[in-house]
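Below you'll find the structure, written out as structure tokens, and then a few comments.
Count residues from 1 along the sequence. Whatever order the structure lists them in is the order used to number ligands and atoms, beginning at 1.
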Amino acid sequence: MLQIDLSGRVAVVTGGASGIGRAAARLLARCGAKVFVGDLRPLDENAAEFSDLGIVQHACDVRSEASIAQLIDRIVAEAGRLDILVNNAGIGMVKQIADVSEEDWTACIDTNLKGPFFGCKHAVRHMASGGGGAIVNTASNAGLLPRAHDPVYSISKMALVAMTKSLALCHARDRIRVNCVCPGPVGDTRMMDDDLEMAADRDALVAQMISASPLAKAHERMETPEEIAEAILYLVSDAATMVTGTSIAIDGGKSLGVPPNA
Ligand code: NAD
């Protein structure tokens, strides 16, 4: 296993109360980082474990620039620096365009794209003055290969991949690296649970998602939040010192575009 030591680093993970964000917060903390979680709904169930790992939870709504700025300024005031930002908070939007209201559009784009942008804006000023930093955006395989069932979500994630590349170029001179992870179907997340809850046939939907991802099919399971967290850990670590603007697909090959029954 790659040995990564994040001692002395300060990290913030948005959407860190559950799913991929929680797995990333745990892993970064276990590797020595001081981790802060910013989430719309901090969960009491995390309190004991987070406290053992030294993870601090703050309420934050990434749709609001003021809320993100306040979170980041508070963390810098408490911890004295900021080295790592994981822009992970996100929501799904499974709707055809005829059913998408202006409110739906705003909710999805503001959470999945505007939030990460303003996260970067406010993190970058502290990272630049601190000599550098690492930002990881949680995009999706929908950011690499758009999907028919969730167009607004696909738009938000494709734009997030584009933003990652653009900001990587803008801030390389500040030694700030900006990368993204593009997960496929990840089990044990609230987003997946919500999708499955809405399904007419839950088992059929699970089987369909697994069969659309060649490696998920071979392993007969979805990806886990921990598997995405491992990629996030690599990207924020010194092992990735020369890696910026890249998108790591952790989707079992789904974004290769291989037809489900190939
Ligand atoms: P999740 O629902 O378990 O976690 C998302 C977290 O974001 C929650 O804790 C939620 O409270 C928080 N959040 C939502 N809106 C917020 C806001 N406005 N401000 C602050 N926090 C907010 O789901 P997850 O799957 O772990 O999602 C994490 C990321 O992974 C998302 O960006 C999602 O798009 C992406 N993703 C998930 C999957 C999957 O299959 N689960 C696949 C690809 C990408």
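Contact between Ala139 and ligand 1 is present, with at least one heavy atom of the residue lying under 4.0 Å from the ligand. Residue-ligand proximity: Thr14 is placed with every non-hydrogen atom at 4.0 Å or more from ligand 1. No heavy atom of Gly115 sits closer than 4.0 Å to any atom of ligand 1. Residue Arg22 places every heavy atom at 4.0 Å or more from ligand 1.
Put simply, CZ on Arg81 and CE on Met127 are 10.0 Å apart, with the number rounded to the nearest 0.5 Å. Distance check: Phe50 CZ to Leu43 CG gives 8.0 Å after rounding to the nearest 0.5 Å. The CD atom of Glu230 sits 12.0 Å away from atom CG of Leu235, with the distance rounded to the nearest 0.5 Å. Put simply, OG1 on Thr244 and CD1 on Ile135 are 9.0 Å apart, with the number rounded to the nearest 0.5 Å.
Side-chain N or O atoms of Asn88 include one that pairs as donor or acceptor with a backbone N or O of Thr14 at under 3.5 Å. Judged purely by atom type and a 3.5 angstrom limit, Asp174 has no side-chain atom pairing as donor or acceptor with the backbone of Val124. Under a 3.5 Å cut-off, the side chain of Ser67 and the backbone N or O of Asp61 do form a donor-acceptor pair.
Residue-level proximity to ligand 1 for Cys60 is carried by the backbone, the only part with a heavy atom below 4.0 angstrom. By the criterion of a heavy-atom distance under 4.0 Å, neither the backbone nor the side chain of Asn112 is placed next to ligand 1. At a heavy-atom cutoff of 4.0 Å, ligand 1 is contacted by both the backbone and the side chain of Thr138. The backbone and the side chain of Ala89 each have at least one atom closer than 4.0 Å to an atom of ligand 1 (non-hydrogen atoms only).
Ranking protein heavy atoms by distance to atom 3 (O) of ligand 1, first place goes to Ser18 OG, 2.5 Å. Nearest protein heavy-atom neighbour of atom 26 (O) of ligand 1: Ile20 N, 2.8 Å. Among protein heavy atoms, the minimum distance from atom 43 (C) of ligand 1 is reached at Pro183 O, 3.3 Å. Closest to atom 19 (N) of ligand 1 among all protein heavy atoms lies Val62 N, 2.9 Å. From the protein, the heavy atom lying nearest to atom 10 (C) of ligand 1 is Asp39 OD1, 3.5 Å. Protein heavy atom in closest approach to atom 15 (N) of ligand 1: Thr111 CG2, 3.7 Å. The closest protein non-hydrogen atom to atom 40 (O) of ligand 1 is Val186 N, 2.8 Å.
Salt bridge Glu49/Arg30: present, at least one basic N to carboxylate O contact under 4.0 Å. Ion pairing between a basic and an acidic side chain is recognised when a charged N comes within 4.0 Å of a carboxylate O; Arg221 and Glu227 show such pairing. At a threshold of 4.0 Å, the pair Asp39-Arg22 does not count as salt-bridged, since none of the basic side-chain nitrogens sits closer than that to a carboxylate oxygen.
Here the shortest heavy-atom distance to atom 29 (C) of ligand 1, taken over Leu40, Asn88, Ile250, belongs to Asn88. Of all the listed residues (Arg41, Met191, Arg63, Met222), Met191 holds the heavy atom that lies closest to atom 23 (O) of ligand 1. Distances from atom 5 (C) of ligand 1 to the heavy atoms of Gly19, Gly21, Gly90 show the closest one on Gly90. The closest heavy-atom contact to atom 25 (O) of ligand 1, among the options Asp188, Ile228, Asn141, Thr189, comes from Thr189. Of all the listed residues (Cys182, Ser140, Gly15, Gly184), Gly184 holds the heavy atom that lies closest to atom 42 (C) of ligand 1.
Of all atoms in ligand 1, listed by their number and element, those nearer than 4.0 Å to a heavy atom of Pro185 are 40 (O). Annotation for ligand 1: atoms under 4.0 Å from non-hydrogen atoms of Asp61 are 17 (C), 18 (N), 19 (N). Ligand-side atoms of ligand 1 in range of Tyr153: 33 (C), 34 (O), 35 (C), 36 (N), 43 (C), 44 (C), range being under 4.0 angstrom from any heavy atom. Ligand 1 places these atoms under 4.0 Å from at least one heavy atom of Met192: 40 (O).
Cation-pi geometry between Lys121 and Phe117 is not met: the NZ or CZ atom fails to fall both under 6.0 Å from the ring centre and inside 45° of the normal.
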Side-chain atoms of residues 198-205: list all donor-acceptor pairs with protein atoms under 3.5 Å, sequence neighbours left out, distances to 0.1 Å.
unit_1	atom_1	unit_2	atom_2	d
Asp201	OD1	Asp203	N	3.3
Asp201	OD1	Ala204	N	3.1

Under 3.5 Å, side-chain donor or acceptor atoms of residues 157-169 against the rest of the protein: list the pairs with distances, not counting sequence neighbours.
unit_1	atom_1	unit_2	atom_2	d
Lys157	NZ	Thr138	O	3.0
Thr164	OG1	Asn137	ND2	3.0
Thr164	OG1	Leu160	O	2.7

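Between Met192 and Met209, the shortest heavy-atom contact is SD-CE, 3.5 Å.
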